[in-house]
4 protein chains.
Amino acid sequence: MSPLREEQLDQIRDERKDQIVQAAIKVFARRGIIGTKMSMIAAEAGISHGLVYHYFKTKDDLFSMLIQGAVETSIASIEGLYGLPGSPLERIRLLTEHILSKENTPYFMLIYQAAHSDGVPEKAGRLMKEYPLQAYIDRLLPLFKEGQQAGEIADGDPEEIVGNYFSILSGIMVLGEGYRIPNAEFVMRTIVKPK
Amino acid sequence: MSPLREEQLDQIRDERKDQIVQAAIKVFARRGIIGTKMSMIAAEAGISHGLVYHYFKTKDDLFSMLIQGAVETSIASIEGLYGLPGSPLERIRLLTEHILSKENTPYFMLIYQAAHSDGVPEKAGRLMKEYPLQAYIDRLLPLFKEGQQAGEIADGDPEEIVGNYFSILSGIMVLGEGYRIPNAEFVMRTIVKPK
Amino acid sequence: MSPLREEQLDQIRDERKDQIVQAAIKVFARRGIIGTKMSMIAAEAGISHGLVYHYFKTKDDLFSMLIQGAVETSIASIEGLYGLPGSPLERIRLLTEHILSKENTPYFMLIYQAAHSDGVPEKAGRLMKEYPLQAYIDRLLPLFKEGQQAGEIADGDPEEIVGNYFSILSGIMVLGEGYRIPNAEFVMRTIVKPK
Amino acid sequence: MSPLREEQLDQIRDERKDQIVQAAIKVFARRGIIGTKMSMIAAEAGISHGLVYHYFKTKDDLFSMLIQGAVETSIASIEGLYGLPGSPLERIRLLTEHILSKENTPYFMLIYQAAHSDGVPEKAGRLMKEYPLQAYIDRLLPLFKEGQQAGEIADGDPEEIVGNYFSILSGIMVLGEGYRIPNAEFVMRTIVKPK
DNA sequence: GATGAATGAGAATTCATTCAT
DNA sequence: CATGAATGAATTCTCATTCAT
């Protein structure tokens, strides 16, 4: 095994792994844990079902890994808001637009699946306990409070407002095909302070 | 044999059927079609799984029956709005409160499941084709237009407004445990015309 | 319980039992043991399935009873030949016509089912051991030998001739719908001595 | 991956498929469709029941495939007669011997099962409609007519003669264990013209 | 690393049988 | 005697997972 060869293998491994992950996100998001067959993921990734097991120990393992990624990404994207310039409202609008963008759907679906389905594997379940929905709310809270102080966000219990805001966004993202996705402005109306 | 006995049997049948239906709504709503095992329904209803088949031919049959009920009930509840007194906005607020009330969750979940899950039985699928989401929007449209004419509802394409409104409500109802359910007022903000 | 009432009950019992037996013969003959559901028998007899169990302990019990009747009847009908007048060939022709008559089909089917199907209950199986196919052949043998001595029946091992004759008849009777039932004359050609 | 491997897999597939088919013929012939459990076929073939489903979609599928083979083989074997040399009677005797040979039993049983049993799958049923018993008779008819013209076959309605002949052969082949199988000569007596 | 044959646990469904009324 | 509600064992079929090649 020359180092070159090793590198090649590593590259193949990474490629394959990503192939599988992308396929799995797609299928899990649409069909949920139970509704997703390993063969579907393999077919979507264009490989044999046997190969999936070279890279992921079990179906639960694969799902848990996806959830972990989804949670980390989404938490990071919220925390990223605090480094951005602009008024609180502007930054919230940015986040709202970001969340409502098409490419985020699978991540929300995944988190939704993990929070609900009963076939949720232990590991994914643990993750959801560590970073429960409340975690998202907690991280948004300071921003909303800031907004209230700036007179941009409607008065009222800030935790309630954030909770409502997050529910509405989550709900929309989970709906899937057939439902109209409102634009950010529409959702923002629920939180901006009327003049 | 005696009329009394006949009645007793009818009563038992009705009771059991209702028991099963209630249990099924509960379980289907939470777990979806594939995720729901007949044994879960039986256990939830406190009967043997064999008895479920005494009353419902198949799992698909049972699910389809529930969907039919859910669709009919929800359509009727929208259409009922047109007979009520009050301004359009007041009536929409009424509907919003009604939809957001706890006891409606399973119906929305059911319709959501029927519109999405992959194991949707043919009969339920047909129902969803007959009464697709658009049907709900169509039925709400006149009321919203009325509201716009009365200056109560925000300007803009009424179909878009209704679609967004319905998406937000549907999304919320589908989320299930862990998420905060906003009160009607919060949702109403997305559609009322700012003064 | 007046004696009159007892008699009435007895009569009902006998009627019901016969109703069930007739229905069972019909259904078992066509569908075999496994293919016959108790509910089919009950439906054919026009009673509830529960009532069948008042008269027959189990499905196997019912089947065994029918086999017993079929075996006894058919054995008796062969033995009856020996008391009849006429030449051996004439009496064999009589038996052949009798067997080939439509109303005998179910009995042959039943015996065939009992001899083959693997779901044969222990009791019926025992009966078939006591009166196996050989029993029929043994009982026909003297008549055929007589026929050979009288120059009416073809020469050759009489046991083989009887066996063949019985196989052909049994086979025909077992075929059921769709197949043509030859008349007695046709079958007789296999055993009569050519002039 | 390599062509060798490809061939190996093909070979394994063919072997397994044949193993299953042979086992299935054996079990279906004896027990009929309903009486045959997939586990029996698997056990007979010495494999897991899961593997049977790897090769055949359903039990009905497997049965239908067997019927198709049986029908095609038997029709072909009749049609092959017309290319053979010899007098009509000689060729019919050949066919009779062929049919009565031990190895043909399962095929006749199978066709019999398909023509009768109640659990006959739609596909097999369709095949039996396309090639009903009448088809066999139609294909034999010309040969028997030839035989009558040659003075070898008994006079009378040829369709009736063929029908009877086919019934007798079918009946014998269907009987199964316990019954004596007559030799061809015995059966031929029913159709040859007496001198 | 990659494939797909092979296994077996689990879920839907059927049906013989029991039993309260 | 008669009914049909109720149960659970048995069967078909699916799919996650293993493993030889």
Side-chain angles (χ1 to χ4, degrees), chain A residues 5 8-10 12-13 15-16 34 36-42 47-62, chain B residues 1-2 4-6 8-10 12-13 15-17 34-42 47-62, chain C residues 5 8-10 12-13 15-16 34 36-42 47-62, chain D residues 1-2 4-6 8-10 12-13 15-17 34-42 47-62:
Chain A
R5 180 133 174 71
Q8 281 180 331
L9 287 180
D10 272 0
I12 290 178
R13 253 198 300 273
E15 271 175 29
R16 283 276 176 277
I34 311 181
T36 295
K37 321 294 169 207
M38 285 302 255
S39 58
M40 291 172 180
I41 295 174
I47 58 175
S48 75
H49 67 268
L51 192 52
V52 179
Y53 285 90
H54 264 278
Y55 293 97
F56 298 93
K57 221 173 138 52
T58 66
K59 179 173 155 182
D60 286 1
D61 222 55
L62 175 50
Chain B
M1 284 271 106
S2 66
L4 187 64
R5 174 142 175 70
E6 202 57 18
Q8 282 179 329
L9 285 179
D10 273 357
I12 289 178
R13 266 195 291 268
E15 270 176 28
R16 286 290 167 277
K17 228 166 169 166
I34 311 181
T36 296
K37 316 296 167 200
M38 285 302 254
S39 58
M40 293 173 181
I41 295 175
I47 59 177
S48 74
H49 71 269
L51 194 53
V52 180
Y53 286 93
H54 195 70
Y55 289 99
F56 297 92
K57 229 175 137 47
T58 64
K59 180 173 152 180
D60 286 2
D61 225 54
L62 177 50
Chain C
R5 180 134 173 71
Q8 282 179 330
L9 286 180
D10 272 1
I12 289 178
R13 254 198 298 272
E15 272 174 27
R16 282 277 176 278
I34 309 181
T36 295
K37 321 292 169 209
M38 285 301 255
S39 59
M40 291 173 181
I41 296 174
I47 59 175
S48 73
H49 68 268
L51 192 51
V52 179
Y53 286 89
H54 264 277
Y55 293 97
F56 298 93
K57 223 171 139 52
T58 66
K59 180 173 154 182
D60 287 359
D61 221 55
L62 176 50
Chain D
M1 284 270 104
S2 66
L4 186 65
R5 173 140 175 73
E6 195 72 2
Q8 282 179 330
L9 285 178
D10 272 358
I12 289 178
R13 266 195 290 268
E15 269 176 29
R16 285 290 167 278
K17 229 168 169 165
I34 312 180
T36 296
K37 314 299 168 199
M38 284 304 255
S39 56
M40 293 172 181
I41 295 174
I47 58 176
S48 74
H49 73 270
L51 193 53
V52 179
Y53 286 94
H54 195 69
Y55 289 99
F56 298 93
K57 229 175 138 45
T58 65
K59 180 172 152 181
D60 286 1
D61 224 54
L62 176 51

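The basis for the numbers below is simple: all heavy atoms, side chains too, and nothing from hydrogens, waters or symmetry mates. Every chain is numbered from 1, with letters handed out A, B, ... down the list of sequences.
Using a 4.0 Å heavy-atom criterion, one finds that I12(D) contacts the sugar-phosphate atoms exclusively. Note on F56(A): nothing from the nucleic acid sits closer than 4.0 angstrom, heavy atoms only.
Between the P atom of dA11(E) and the CD1 atom of I41(B) lies a distance of 13 Å, rounded to the nearest Å. dA9(E) atom P lies 17 Å from atom NZ of K37(B), rounded to whole Å. Nucleotide dT21(E) holds its C1' atom 15 Å from the CG atom of D10(B), rounded to whole Å. The CG-P distance, from L51(A) to dG4(E), rounds to 11 Å in whole Å. Remark: P of dG4(E) and CG of L9(D) are 7 Å apart, rounded to the nearest angstrom. K17(D) has its NZ atom 15 Å from the P atom of dG4(E), to the nearest Å. Protein atom CD of E6(D) is 21 Å distant from nucleotide atom P of dA20(F), rounded to whole Å. Atom CZ in R13(D) sits about 10 Å away from atom C1' in dT3(E), given to the nearest Å.
In the set dA2(F), dT17(E), dA5(F), the nucleotide with an atom closest to the side chain of K59(C) is dT17(E).
Neither OP1 nor OP2 of dG1(E) sits under 4.0 Å from any side-chain N or O of R16(A). Close to dT17(F), at under 4.0 Å from its OP1 or OP2, lies a side-chain N or O of Y53(A). In terms of phosphate contacts, Y55(D) brings no side-chain nitrogen or oxygen within less than 4.0 Å of OP1 or OP2 of dA5(E).
Nearest heavy atoms, T58(A) versus Y53(A): CA-CE2, 4.3 Å. The minimum heavy-atom distance between K59(B) and T36(B), with the atom names listed, is NZ-O, 2.7 Å. Closest of all the heavy-atom pairs between S39(C) and H49(C) is CA-CB, 4.4 Å.
Checking D60(B) against I47(A), the closest nucleotide of DNA chain E that is more toward the 5' end is the one next to I47(A). With the nearest nucleotide of DNA chain F identified for both M38(D) and S48(B), S48(B) has the one nearer the 5' end. Between G50(A) and G50(D), the residue anchored closer to the 5' end of DNA chain F is G50(D), taking for each the nucleotide with the nearest heavy atom.
Searching all strands for a Watson-Crick or G-U wobble partner of dT21(E) with both distances below 3.5 Å returns dA2(F). Under the Watson-Crick or G-U wobble criterion, with both distances below 3.5 Å, dA12(E) is paired with dT11(F).
Atoms CD1 and OH, on I47(B) and Y55(B) in that order, are 8.0 Å from each other to the nearest 0.5 Å. We find the NE2-OG distance between H54(C) and S48(C) to be 8.0 Å, quoted to the nearest 0.5 Å.
Taking only distance into account, the side chain of H49(D) never meets the base of dA6(E) through a donor-acceptor pair shorter than 3.5 Å. Counting distance only, with no hydrogens placed and no angle test, the side-chain atoms of H54(D) and the base atoms of dA5(E) include no donor-acceptor pair under 3.5 Å.
Panel note: side chain K37(B), backbone I34(B); a donor-acceptor pair is recorded below 3.5 Å.
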